[in-house]
Amino acid sequence: MRALLIESKGATAHLTDADPDLLEGPVELDVLYSSLNYKDGLALTGKGIARSWPLIPGIDVVGRVTRSESPEWNSGDTVILNGSGIGESTHGGYADQARVAPDFLVRLPGTLTAYQAAAIGTAGFEAAIAVQKILDSAVAPGDGELLVTGAAGGVGSIACALLARHGYQVVASSGRGDEEAAYLKELGAQRIIDRATLAGDAGGPLQKQLWAAAIDVAGGTTLANVLAQTSYGGLVVACGMAQSAELSITVFPHILRDVTLAGADTVSAPLATRTRAWELLAADLDLSVLEGMSTTIELEQVPDRAEEILAGRVRGRTAVRLTA
Ligand SMILES: NC(=O)c1ccc[n+]([C@@H]2O[C@H](COP(=O)([O-])OP(=O)(O)OC[C@H]3O[C@@H](n4cnc5c(N)ncnc54)[C@H](OP(=O)(O)O)[C@@H]3O)[C@@H](O)[C@H]2O)c1
């Protein structure tokens, strides 16, 4: 089978003709599509996400079941698997075939094609979990502006689209606000701010209250400033660390403004969270907007694209075509 393989710790991935006996797991799949996420960029370039070797990277699989030892899944079913350790500690989606555990598989929703599910991928799944937290909170569409950081990236793009669809006033923070203004507006952003206004030094712990809620992919001083600018009773969902994994804050926004800092995880998310997030995506993500933010590449193009995503130069989402 064609596969990208990371041979050893710190090595970069290379395209090879791999032995399918490498694979283990009770559900066998033909991989139709995988996708490219920031985390895949780290794994593909040997930057510390892989935890076992040799490893087929790829944290997303959309595949068709060819054989199953699990009674829940039958040959011919089309399934989605995001995270749960694939592409990190067990073999992932950058191969023509995969063998996976049944526990975290989600059935492809009837309204989505395999390609669309891959274009959504882990980034969109993460965005949906974060948006669901806002929908479940007391923050309502009329409460003021909601901020999305890294808005031109994968998580940010889908978060903007879902929030706008739910009637929230979305403000997109981006380092590419000039060249991507039309794109960000198409996603539903009402206005755009330069990410430099957040990513510089952290300001005071209680700044002017600007955001009813926020979804942040950057971490670091960006997240510190977002928390300090969140309005009384607001919610900030931390999704990533595109700027930094460090977070230096005080308790003041939390104890004086009742601001909540929540997280959103895709790797170990329980099946109920997965199912709910995919229901949200299937019901509320405008498929023409998804089409406009998505690109398809072939397996051999993935290593070059990995460098691009780590440099913050990839717009929206990238599906990787395998056997489709
Ligand atoms: N917790 C989870 O389970 C989970 C799941 C998915 C993703 N994530 C994390 O979420 C983050 C985004 O993932 P993604 O796949 O959407 O990546 P992505 O497509 O590369 O998007 C990240 C975006 O962040 C912005 N950015 C880049 N460098 C930055 C910096 N130094 N300071 C501030 N902003 C910066 C850029 O957007 P602009 O050009 O618009 O500024 C970039 O496009 C990553 O850290 C990823 O690991 C976590």
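These numbers come from the heavy atoms of this one structure, side chains and all, not from hydrogens, waters or symmetry mates. Just follow the structure's listing: the first ligand is 1, and inside any ligand the first atom is 1.
- The shortest contact between atom 20 (O) of ligand 1 and any protein heavy atom is with I309 CG1, 3.4 Å.
- The pair R2-D17 fails the salt-bridge criterion, with no side-chain N (NZ, NE, NH1 or NH2) lying under 4.0 Å from an Asp/Glu carboxylate O.
- Y33 has its side chain out of reach of V320: every pair of non-hydrogen atoms, C-beta onward, lies at least 4.5 Å apart.
- V155 CG2, 3.7 Å is the protein heavy atom nearest to atom 7 (C) of ligand 1.
- Near G154, meaning under 4.0 Å from one of its heavy atoms, ligand 1 places the atoms 16 (O), 18 (P), 19 (O), 21 (O).
- Closest heavy-atom approach to atom 2 (C) of ligand 1 within the set R317, E126, R313: this belongs to E126.
- The T266 neighbourhood of ligand 1 comprises atoms 2 (C), 3 (O), 5 (C), with distances under 4.0 Å to a heavy atom of that residue.
- Atom CG of L163 is separated from atom CG of L147 by 10.5 Å, given to the nearest 0.5 angstrom.
- Considering OH of Y94 and OG of S34, their distance stands at 5.0 Å, rounded to 0.5 Å.
- D201 CG: 12 or fewer foreign heavy atoms inside a 6.0 Å radius.
- Here the straight-line distance linking atom CD1 of I309 with atom OG1 of T318 works out to 6.0 Å at 0.5 Å rounding.
- Residue, atom and distance of the protein heavy atom nearest to atom 45 (O) of ligand 1 are M241 N, 3.0 Å.
- Considering backbone and side-chain atoms together, G316 places no N or O closer than 3.5 Å to any N or O of ligand 1.
- Counting heavy atoms only, V217 comes closest to atom 12 (C) of ligand 1 of the residues V217, D265, T221, I49.
- With ligand atoms numbered from 1 in the order given, ligand 1 contributes 38 (P), 39 (O), 40 (O), 41 (O) to contacts under 4.0 Å with heavy atoms of G175.
- Close approach to G240 involves these atoms of ligand 1, each under 4.0 Å from a residue heavy atom: 9 (C), 10 (O), 11 (C), 45 (O).
- The only option from I56, V31, T323 that meets the side-chain contact (heavy atoms from CB on, under 4.5 Å) definition with M1 turns out to be I56.
- Remark: among candidates R315, R195, R176, the nearest residue to atom 43 (O) of ligand 1 is R176, based on non-hydrogen atoms.
- For ligand 1, the polar-atom distance check against T122 finds no nitrogen or oxygen pair separated by under 3.5 Å.
- Scanning all protein heavy atoms for the shortest distance to atom 40 (O) of ligand 1 gives S174 OG, 2.6 Å.
- Dense packing is recorded around CG of D19, with more than 12 heavy atoms of other residues, nucleotides or ligands lying under 6.0 Å away.
- Where the criterion is an N or O separation shorter than 3.5 Å, residue side chain and backbone included, Q243 fails it with respect to ligand 1.
- Compare A238, A199, G156, G150 by their heavy atoms: the one nearest to atom 37 (O) of ligand 1 is in G150.
- Counting only heavy atoms from C-beta outward, the side chains of S52 and T90 never approach each other to under 4.5 Å.
- At least one side-chain heavy atom of Q207 sits under 4.5 Å from a side-chain heavy atom of N225.
- Atoms CG and CZ, on L187 and R165 in that order, are 13.0 Å from each other to the nearest 0.5 Å.
- When the options G219, G153, A245 are ranked by their closest heavy atom to atom 21 (O) of ligand 1, first place goes to G153.
- Annotation: V267 places no N or O atom under 3.5 Å from an N or O atom of ligand 1; distance criterion only.
- At least one heavy atom of C239 sits under 4.0 Å from some atom of ligand 1.
- No N or O atom of N37 sits closer than 3.5 Å to an N or O atom of ligand 1.
- Here the options are T122, T296, N37, the test is side chain to side chain donor-acceptor pair (under 3.5 Å), and the partner is R317; only N37 passes.
- Between V314 and ligand 1, a contact under 3.5 Å exists for no N or O pair.
- Any N or O atom pair closer than 3.5 Å counts here, and A264 shares at least one such pair with ligand 1.
- Checked by atom type, the side-chain pair T221/Q243 shows a donor-acceptor distance below 3.5 Å.
- Residues W211 and Q229 bring a donor and an acceptor atom of their side chains to less than 3.5 Å of each other.
- Nearest protein neighbour of atom 47 (O) of ligand 1, counting heavy atoms only, is Y38 CD2, 3.8 Å.
- Ligand 1 has an N or O atom lying under 3.5 Å from an N or O atom of A152, backbone or side chain.
- With distances taken over non-hydrogen atoms, the option nearest atom 28 (N) of ligand 1 out of A269, A159, A242 is A242.
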